[in-house]
Amino acid sequence: MKTFFPNIKKIKYEGPDTSNPLAFKHYNPRQKVMGKTMAEHLRFAVCYWHTFKGLGGDQFGPGTIIRNYNSSGEPMQIAEDTMHAAFEFFTKLGVNFWCFHDRDIAPEADTLAETNKRLDTIVALAKKLQKDTGVELLWGTTNAFSHRRFMAGAGTNPSPHVFAYAASQIKKAMEITKELGGQGYVFWGGREGYETLLNTDMKRELDHLAALLHMAVDYKKQIRFKGQFYIEPKPKEPTKHQYDSDAGNCYAFLQKYNLLKDFKLNIEANHATLAGHTFQHELQYCVDNGILGSVDANRGDLFLGWDTDQFPTDIYDTTLAMYIILQGGGFTTGGLNFDAHVRRQSIDPEDLFYAHIGAMDAFARGLKNAAKMLKDKTFEKAIKKRYAGWNTPFGSKIESGKADFAQMEQYILKNGEPKLQSGRQELLENLLNDYI
Ligand code: XLS
Ligand code: NI
Ligand code: NI
């Protein structure tokens with residue numbers, strides 16, 4: 001059989017002291033942490049679009065990366081070779097999951113019918129490769145944002161004709177996700193947003209987006225697709241204002257349109273920072289509201305205001321992320337999908353491995369650190385102490401909704417000035433450093 005990464009052997013765990021850059025230092029899939037293996041906790045997925053279709057193109061020039069599976073040949077031959085290369089990569093890296101958009105795996109043809117036929121061919125191959133390797137599909141999704149027909153959005157397009165196109169595409173993408181045993185399905189609103197309110201009926205567009213999602217919910221029942229639906233928030237890029245701008249906004253949308261029971265969120269680190277939040281904030285918001293589903297694990301650049309989709313390497317971030325994810329009970333259908341791409345100058349196949357190995361090690365360290373933090377309860381105790389006043393009869397009365405303004409006033413007249421307590425931020429930051 002043809003191999004696409006001939007110089008790479010299976011990546012193994014060799015421990016922190018290894019000098020082999022093609023080995024894991026921290027990610028030991030079978031090692032148990034809090035009763036589950038690292039592989040079960042972290043549920044790593046490789047994304048198809050960046051890793052196999054991303055060639056390093058940007059606004060100033062075309063791609064710089066040439067791969068042996070996609071530089072020449074017929075489009076369907078390239079699609080098949082790329083699928084083989086992808087499964088070779090998953091297996092050599094040792095991840096259990098992958099994610100894709102419909103248009104990543106098979107090129108679009110002139111008609112929807114022809115495009116769908118192409119998808120069927122490639123999905124049959126993917127299904128066989130999944131069976132041969134044991135690699136599973138974490139989630140599938142639709143690319144309803146690259147083609148020019150979607151320039152003004154998909155579900156939020158001013159034209160119902162374009163809306164119908166998007167819906168047809170989602171219908172097929174859900175079918176193939178089900179066919180591949182996908183554990184989830186993501187809705188990221190590629191161009192669901194606007195550039196100027198001078199030409200946009202925002203209320204109507206959001207009503208249409210909800211109508212599209214309701215159709216998806218109905219179709220899911222109809223075809224008995226058991227995967228979890230996720231919305232992936234992002235505040236800007238490609239449009240100036242994306243409708244699903246952050247977790248709080250998505251939560252409001254889902255409540256307003258009665259979709260809450262059918263959706264969870266897929267939180268992407270770099271999208272959180274674009275929204276002016278930390279990754280931890282978005283995760284915590286989701287855990288607090290019972291809507292954390294899955295994670296697109298990447299990072300942005302401190303100095304750049306766009307979605308640089310870099311591989312996660314910051315141990316602070318991975319530690320705090322895993323701390324919140326574990327507190328939320330860990331992943332069920334979701335996982336950590338590396339929605340990240342190597343830099344434009346990282347042109348060798350080895351770079352794909354270095355990128356993923358580093359990211360997996362960073363999350364393995366995050367997991368181990370977070371487990372220690374949870375065991376010691378250092379931060380839980382500090383928070384508990386800070387809010388202790390609410391456990392008194394007076395605090396409980398307010399929390400249970402049985403208090404009124406007159407009672408508040410009476411309390412102050414009797415007790416006078418409150419005694420203030422330190423927030424202890426610096427101490428807590430020092431304690432956090434002990435775990436990193
Ligand atoms: C783009 C999004 C995208 C989704 C899947 O910024 O992160 O990659 O994850 O459509
Ligand atoms: Ni993403
Ligand atoms: Ni992104």
Side-chain angles (χ1 to χ4, degrees), residues 21 26 42 44-65 99 101 145-146 186 188-191 193 232-242 244-247 249 265-286 294-325 336-348 350-366 369 429 432-433 436:
H26 302 278
L42 299 166
F44 290 128
V46 169
C47 87
Y48 209 88
W49 51 103
H50 289 312
T51 297
F52 305 107
K53 305 298 286 181
L55 301 175
D58 68 13
Q59 289 95 318
F60 304 97
T64 50
I65 298 172
C99 298
H101 300 85
F145 45 85
S146 292
V186 163
W188 169 60
R191 291 187 194 273
E232 181 176 325
K234 181 174 185 177
K236 53 191 169 197
E237 202 202 282
T239 68
K240 171 181 152 165
H241 182 96
Q242 298 275 128
D244 304 325
S245 54
D246 67 0
N249 170 289
L265 300 193
N266 180 39
I267 294 299
E268 178 164 322
N270 204 165
H271 297 183
T273 50
L274 287 180
H277 302 308
T278 60
F279 184 23
Q280 302 87 50
H281 168 90
E282 289 290 84
L283 292 170
Q284 186 72 62
Y285 185 90
C286 289
S294 201
V295 166
D296 273 5
N298 62 10
R299 76 181 151 97
D301 183 292
L302 197 59
F303 298 99
L304 302 176
W306 67 89
D307 201 11
T308 58
D309 285 336
Q310 287 166 251
F311 279 86
T313 52
D314 185 326
I315 311 297
Y316 253 91
D317 263 359
T318 58
T319 299
L320 290 171
M322 288 315 301
Y323 182 61
I324 296 163
I325 291 166
L336 293 168
N337 167 47
F338 294 117
D339 193 351
H341 58 90
V342 292
R343 298 303 92 187
R344 199 162 184 266
Q345 297 176 53
S346 304
I347 56 175
D348 295 336
E350 286 84 346
D351 293 314
L352 286 179
F353 282 90
Y354 296 143
H356 284 86
I357 290 168
M360 290 162 78
D361 269 344
F363 267 96
R365 283 174 74 177
N369 294 345
E429 285 169 347
L432 175 61
N433 266 354
I436 305 288

Distance-only, no hydrogens or angles: does the [X] side chain make a donor-acceptor pair with backbone N or O of [Y] under 3.5 Å?
X    : Y    : answer
D348 : E350 : no
R344 : V342 : no
N270 : T308 : yes
H271 : P233 : yes
N298 : Q310 : no

Closest non-hydrogen atom pair between [X] and [Y], with its separation:
X    : Y    : value
D351 : S346 : OD2-C, 3.2 Å
D361 : H26  : OD1-N, 2.8 Å
C47  : A340 : SG-N, 4.3 Å
D339 : E232 : OD2-OE2, 4.1 Å
E237 : W306 : OE1-CB, 3.0 Å
A297 : F363 : CB-CE1, 3.7 Å

Would you say the rings of Y48 and H101 are close, in the sense that their centroids are separated by under 6.0 Å?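 For H101 and Y48, the ring centres are not under 6.0 Å apart.
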Would you give the length of the straight line joining atom [atom1] of [X] to atom [atom2] of [Y], rounded to the nearest 0.5 angstrom?
X    : Y    : atom1 : atom2 : value
D246 : E282 : CG    : CD    : 5.0 Å
T318 : I436 : OG1   : CD1   : 7.5 Å
Q280 : I324 : CD    : CD1   : 5.5 Å
T64  : L55  : OG1   : CG    : 8.0 Å
M322 : L336 : CE    : CG    : 6.0 Å
I65  : L352 : CD1   : CG    : 7.0 Å

Evaluate the ring planes of F311 and F338, with Trp represented by its six-membered ring, and classify them as parallel (under 30°), tilted (30 to 60°) or perpendicular (over 60°).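 Because their plane-to-plane angle lies in the 30° to 60° range, the rings of F311 and F338 count as tilted.
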Decide side-chain contact (heavy atoms from CB on, under 4.5 Å) for L320 and L432; before the verdict, give the C-alpha distance in whole Å, the side-chain angles of both, and the deciding distance to 0.1 Å. CA-CA 9 Å; L320 290 171; L432 175 61; 4.2 Å; yes
Q242 and T239: CA distance, side-chain angles, deciding distance, side chain to side chain donor-acceptor pair (under 3.5 Å) verdict: CA-CA 6 Å; Q242 298 275 128; T239 68; 2.8 Å; yes
Between R299 and T313, is there a side-chain donor-acceptor contact under 3.5 Å, judged purely by atom types and distance?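 A donor-acceptor contact under 3.5 Å links the two side chains.
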Working note: L42 + M360, criterion side-chain contact (heavy atoms from CB on, under 4.5 Å); need CA distance, chi angles, decisive distance, verdict. CA-CA 9 Å; L42 299 166; M360 290 162 78; over 6 Å; no
So do the side chains of P312 and D317 get within less than 4.5 Å of each other, counting heavy atoms only?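 Side chain of P312 against side chain of D317, heavy atoms only: no contact under 4.5 Å found.
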Begin with the C-alpha distance, continue with both residues' side-chain angles, and end with the deciding distance and a verdict on salt bridge (Lys or Arg N to Asp or Glu O under 4.0 Å) for D307 and K234. CA-CA 10 Å; D307 201 11; K234 181 174 185 177; 2.9 Å; yes
Decide side-chain contact (heavy atoms from CB on, under 4.5 Å) for N266 and W188; before the verdict, give the C-alpha distance in whole Å, the side-chain angles of both, and the deciding distance to 0.1 Å. CA-CA 9 Å; N266 180 39; W188 169 60; over 6 Å; no
Begin from the C-alpha positions of F52 and V46 and carry the test side-chain contact (heavy atoms from CB on, under 4.5 Å) through to its verdict. CA-CA 10 Å; F52 305 107; V46 169; 3.9 Å; yes
Heavy-atom neighbours of E429 CD exceed 12 at 6.0 Å: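 Buried by this count: over 12 neighbours within 6.0 Å.
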